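Remarks on the structure that follows.
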Amino acid sequence: MTAQPTARPAPASAGRILRRLLDALYLGAGILAALSLLALLLVIVAAMAARWLGLQFPGGTEYAAYLLAASSFLALALALRRGAHIRVGLLLNALGSRRRWGELWCWAVGAALGCYFAWYAVAMVRWSYKLHDVSQGQDATPLWIPQLAMAAGAVIFAIALLDGLISLILTGSAGVEAGEESQREI
């Protein structure tokens, strides 16, 4: 009897697994963004109720701001993948046969800027933690805690931009879903 060769997963299946993992990462960040918005609503309602009852809710405004920043940054990657960002296609359409080069340039610049911002967002969290920086409000929250959500959103957004750039290079498409709403060119 001859030993059968060990079956290795085909590169296409590895690509599908990576695609599923990335899409799950973007969806997870989007869900956390939605939960942040829900928490923002609850904080605002609690602050209103406290005011009506003549009670104090120290740090309510700061917590609302932290949750708003978290929801904004955590939603960036999913919005990009779903084609919900405003896309300016007039210039790309004017490029005609050179449109692909224009798209490559846009994705490359976006990915570079996204990585740059993510790097410094993570550095900001690290320094806030090292310096024991706290918020100026009554709550005195360690700033690295709310900054962590922003940095995580920035890192996931940078991954999504790199994902789009690599997909565009390898397949000719950035893999951004384009529904009817996002097809409207500005």
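Not measured: the values here are computed from a predicted model.
Sorted by first and then second residue, the pairs that involve residues 144-153 and meet side chain to side chain donor-acceptor pair (under 3.5 Å), not counting sequence neighbours, are S128-Q147. For the salt bridge (Lys or Arg N to Asp or Glu O under 4.0 Å) condition, no pair includes a residue of residues 115-129, sequence neighbours left out. The salt bridge (Lys or Arg N to Asp or Glu O under 4.0 Å) contacts involving residues 28-43 comprise nothing, where partners must be two or more places apart or lie in separate chains. Every pair tested for salt bridge (Lys or Arg N to Asp or Glu O under 4.0 Å) that includes a residue from residues 31-54 fails, sequence neighbours excluded, so the list is empty.
Contact annotation: the side chain of L95 never approaches that of E103 to less than 4.5 Å [non-hydrogen atoms, C-beta and beyond].
When the side-chain contact (heavy atoms from CB on, under 4.5 Å) test is applied to A46, the partners found at least two apart in sequence or on another chain are F57. When the side-chain contact (heavy atoms from CB on, under 4.5 Å) test is applied to A111, the partners found at least two apart in sequence or on another chain are L161, L162, L165. Residues forming a side-chain hydrogen bond (donor to acceptor under 3.5 Å, both in side chains) with S36 (at least two apart in sequence, or on another chain): none. Partners of E62 according to the side-chain hydrogen bond (donor to acceptor under 3.5 Å, both in side chains) rule, which considers only residues two or more places apart in sequence or in another chain, do not exist here. Residues forming a side-chain contact (heavy atoms from CB on, under 4.5 Å) with L131 (at least two apart in sequence, or on another chain): W127. Checked against side-chain contact (heavy atoms from CB on, under 4.5 Å), S97 has no partners two or more places apart in sequence or in another chain.
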Please tabulate, for the side chains in residues 17-27, all donor-acceptor contacts under 3.5 angstrom to protein atoms that are two or more places apart in sequence or on a different chain.
unit_1, atom_1, unit_2, atom_2, d
R19, NE, D23, OD1, 3.4
R19, NE, D23, OD2, 3.4
R19, NH1, D163, OD1, 3.1
R19, NH1, D163, OD2, 3.4
R19, NH2, D23, OD1, 3.4
R19, NH2, D163, OD2, 2.5
Y26, OH, D163, OD2, 2.9

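Side-chain N or O atoms of T141 include none that pairs as donor or acceptor with a backbone N or O of L143 at under 3.5 Å.
The hydrophobic cluster containing L41 does not contain I44, counting ILVMFWY residues as joined when their side-chain heavy atoms lie under 4.5 angstrom apart, directly or transitively. Taking hydrophobic clusters as Ile, Leu, Val, Met, Phe, Trp and Tyr residues chained together by side-chain heavy-atom distances below 4.5 Å, F157 does not share a cluster with L35.
Ring planes of Y129 and H132: tilted class, angle from 30 to 60°.
Scanning all heavy atoms of the two residues, the minimum distance from A118 to A158 falls at CB-CB, 4.1 Å. Heavy atoms only, all atoms of each residue included: A149 and A70 are closest at CB-CB, 3.6 Å. The two residues L68 and S71 have their closest heavy-atom pair at O-OG, 2.9 Å. Y63 and P58 get closest at one heavy-atom pair: CE1-O, 3.9 Å.
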### Task
Starting from the C-alpha separation in whole Å, work towards a yes-or-no answer on side chain to side chain contact (heavy atoms under 4.5 Å, CB included) for L67 and V43.
CA-CA 9 Å; L67 290 166; V43 166; 3.8 Å; yes

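Summarising the hydrophobic clusters (Ile, Leu, Val, Met, Phe, Trp, Tyr; side-chain heavy atoms under 4.5 Å, direct or chained), the residues clustered with W119 are Y116, Y120.
Heavy-atom contacts from other residues, nucleotides or ligands closer than 6.0 Å to CZ of R98 number 12 or fewer.
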